[in-house]
Amino acid sequence: LTMTESLFAGSFVTIEGESPSNYGTAIGNARNGVATVSTVYIKDGSGVSDKMGNKGSNVDTGVTILTGSQLNGDASYGHMEVDFYEKDRNETGVWFAMADSHPILTSFADTSNPIDLSTAQGTRTAWFNAENPQDSYTLNSAAELRGLQVLVAKSNTFEGIEIKLGKDIDLNPGWKVSDGVAPNVWTPIGRSASDSNIYSFKGTFNGQGHTIKGVYVSSSSDRIGFFASTAQGSVVKNFTLENSVIYGTKTSSTGSVGSIVGRLGGTLDTVKSSADEVLAGSEYAGGLVGDINSTVGATITNCWFAGTVSGTGSHHGQLLGGVRKVLTSDTKVTCTIKNCLATGTIDFRSNAGGLVGSLWTGSSLTMSESLFAGTFKTGVASSSSNNGTVIGNARNGSATVTKVYVKEGSSVSTKIGNKGSNSDTGVTNLANNKLLGIAAYDNMSLDFYQKDTNEDGVWYAVEGSHPVLKSFVK
């Protein structure tokens with residue numbers, strides 16, 4: 001017997017005077033045969049607890065027991081790895097989710113008013129077949145996004161594959177940061193929930209302009225963020241992160257915490273994070289990226305951080321915590337930052353930078369056409385050193401900084417806290433009135449959007465405010 005993608009949602013009736021044996025919710029007696037069972041589901045509460053009454057040498061690990069609430073409505077989509085009907089997306093799907101009941105077979109369903117499955121929670125990996133991968137996949141629900149996390153943690157790196165978002169996704173619907181611990185805790189993509197392994201994402205994650213909300217991470221692991229780690233050749237781009245918190249509680253210097261990526265290799269492009277708090281007990285914390293520790297380097301372009309970075313360690317930056325050298329290698333670690341904006345808040349601690357925290361020996365940073373218009377939170381440490389509005393501590397690395405601007409008025413006046421042999425002449429401090437509206441165009445050598453003459457411009461002048469990145473202007 002081979003049994004797959006099936007559901008038992010019935011019940012057993014006890015007959016007075018009978019003494020039944022070898023009964024199970026999936027198979028009664030399989031002792032004398034061979035049973036291959038996978039993706040079979042049982043509604044809990046039937047009156048029988050055994051999946052197979054007599055297994056013999058067979059196994060019942062392919063049978064999953066689900067509660068009524070896990071089978072009702074869109075919850076079934078997040079808990080059952082079967083082929084669901086989805087309007088305009090998979091209208092040949094075999095199973096049909098019901099609003100107030102377990103799913104039924106589509107052949108017998110009224111498909112005129114299907115429920116919205118994009119809000120489904122749980123975890124769904126059925127969209128991916130590792131033995132026959134497609135060039136791209138579009139994820140339309142929180143369940144599918146969690147499925148990506150599970151798949152990468154099983155060493156599917158998605159190299160050469162593009163993952164797209166088809167809709168805005170909320171991982172904790174109805175939850176607000178002020179509520180405290182979220183119902184659904186996020187495991188960073190690339191981190192296994194069952195062991196200490198980290199599997200770097202190697203594909204392309206394209207948010208297609210959508211918003212991800214409700215990311216709640218609390219972990220003492222090394223690399224923490226929406227992604228734990230991304231590798232050479234990877235691209236993470238085109239989305240906004242909101243209503244999220246990233247709590248990294250590791251206290252050793254190996255920790256790296258960022259709202260988007262804990263440790264970045266590859267490219268981060270056109271991403272905005274308004275994470276309410278990126279909190280680190282470890283040394284490296286960045287609003288977007290914790291650190292870069294890769295001989296292949298990394299690039300951050302057209303990105304914006306508008307949240308809060310805090311913690312008890314050092315090496316903090318609103319864009320990037322630090323650029324590290326691989327201690328077992330003589331190769332330089334390089335990072336390029338271009339057309340980036342920071343408008344958030346950062347703790348006033350050692351080696352804290354408005355844009356980048358610090359550079360280690362052997363590291364190299366090129367930064368251009370960017371703006372720090374954020375603030376430093378004072379009074380959080382008894383002492384601090386090497387703080388700068390652009391870079392905290394560049395003494396041990398090489399920093400080439402051009403066309404970078406700083407809004408005057410933060411509690412830190414130094415452009416680079418500890419320059420070493422580097423120069424900060426490429427940084428210009430501007431009073432607030434020189435950043436407002438058309439004045440920004442006159443005072444900043446940036447690529448500004450201009451209707452009809454430069455509609456591909458990266459920066460957008462805002463009346464009464466500093467310029468912002470055009471990609472995030474509605």
Side-chain angles (χ1 to χ4, degrees), residues 41 43-45 64-81 84 97-103 115-127 139-154 163 165-194 205 207 210-221 223-228 239-250 257-262 273-281 307-308 310:
Y41 301 90
K43 182 180 180 180
D44 195 18
T64 302
I65 298 175
L66 298 175
T67 65
S69 60
Q70 291 174 322
L71 286 169
N72 287 355
D74 63 3
S76 61
Y77 183 80
H79 289 91
M80 297 177 66
E81 299 280 14
F84 274 94
M98 303 290 288
D100 300 310
S101 177
H102 58 75
I115 64 175
D116 181 9
L117 297 179
S118 67
T119 60
Q121 300 299 311
T123 302
R124 184 169 178 80
T125 60
W127 52 269
L139 310 184
N140 284 334
S141 68
E144 290 178 320
L145 187 56
R146 286 195 188 87
L148 174 65
Q149 186 281 320
V150 169
L151 290 164
V152 176
K154 292 180 178 179
I163 303 298
L165 294 186
K167 295 183 178 181
D168 294 348
I169 291 179
D170 194 340
L171 293 166
N172 279 288
W175 173 79
K176 305 183 299 299
V177 172
S178 59
D179 295 335
V181 178
N184 303 309
V185 176
W186 179 254
T187 300
I189 295 172
R191 177 162 290 285
S192 172
S194 60
F205 184 89
H210 291 290
T211 298
I212 299 172
K213 298 179 181 179
V215 176
Y216 181 93
V217 178
S218 180
S219 174
S220 60
S221 299
R223 303 171 199 176
I224 300 301
F226 179 64
F227 285 86
F239 67 93
T240 297
L241 182 73
E242 295 179 355
N243 190 42
S244 298
V245 291
I246 314 294
Y247 295 137
T249 57
K250 192 176 184 70
V257 181
S259 67
I260 306 300
V261 186
S273 171
S274 299
D276 294 72
E277 188 159 29
V278 179
L279 175 65
T308 299
S310 60

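With sequence neighbours left out, the salt bridge (Lys or Arg N to Asp or Glu O under 4.0 Å) criterion links D179 to K176. With sequence neighbours excluded, the residues satisfying side chain to side chain donor-acceptor pair (under 3.5 Å) with N172 are N184.
Distance check: I189 CD1 to L151 CG gives 10.5 Å after rounding to the nearest 0.5 Å. Interatomic distance, N140 CG to L145 CG, rounded to the nearest 0.5 Å: 11.0 Å. Rounding to the nearest 0.5 Å gives a distance of 9.5 Å between CG of D276 and CD of E242. Note: K167 NZ to D116 CG = 4.5 Å, rounded to the nearest 0.5 Å. R124 contributes atom CZ, which lies 9.0 Å from atom CE of M80 (distance to the nearest 0.5 angstrom). Interatomic distance, CE of M98 versus CG of D74, reported as 14.0 Å (0.5 Å rounding).
Minimum interatomic distance between T187 and Q149 (heavy atoms only, all atoms of both residues): O-CG, 2.9 Å. Nearest heavy-atom pair across A97 and L117 is CB-CD2, 3.9 Å. Minimum interatomic distance between S273 and I260 (heavy atoms only, all atoms of both residues): CB-CD1, 4.2 Å. Closest approach of A142 to D170, counting heavy atoms only: CB-O, 3.9 Å. A pairwise comparison of heavy atoms in A120 and S141 identifies O-CB, 4.2 Å as the closest pair. The shortest heavy-atom contact between G190 and A228 is C-CB, 4.3 Å.
For the 3.5 Å distance criterion, the side chains of T67 and S69 qualify, holding a donor opposite an acceptor.
Residues V257 and V278 form a side-chain contact, since some pair of their non-hydrogen atoms from C-beta on lies under 4.5 Å apart. In this structure, the side chains of I163 and W127 come closer than 4.5 Å at one or more pairs of heavy atoms. Side-chain atoms of N72 and D100, non-hydrogen and from C-beta on, never get closer than 4.5 Å to each other. In this structure, L148 and F205 have side chains that are in contact, with non-hydrogen atoms separated by less than 4.5 Å. Using a 4.5 Å heavy-atom threshold, the side chains of E277 and S310 count as touching. Looking at L279 and V245, their side chains never come closer than 4.5 Å, going by heavy atoms from C-beta outward.
Here the side chain of W175 pairs a donor or acceptor atom with the backbone of G180 at under 3.5 angstrom. No donor-acceptor pair closer than 3.5 Å links the side chain of S219 to the backbone N or O of G248. A donor-acceptor pair under 3.5 Å is absent between the side-chain atoms of R191 and the main chain of A153, judged by distance alone. In this structure a side-chain-to-backbone donor-acceptor pair under 3.5 Å is present from Q121 to T119. Of the possible polar contacts, one joining the Y41 side chain to the E81 backbone as a donor-acceptor pair under 3.5 Å is found.
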Report all side-chain donor-acceptor pairs from residues 210-217 shorter than 3.5 Å, counting only partners two or more places apart or in another chain.
residue: H210; atom: ND1; partner: D168; partner atom: N; Å: 3.4
residue: H210; atom: ND1; partner: D168; partner atom: OD1; Å: 3.1
residue: H210; atom: NE2; partner: G166; partner atom: O; Å: 3.2

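Screening I65, L71, L66 against K43 for a side chain to side chain contact (heavy atoms under 4.5 Å, CB included) leaves a single residue, L71.
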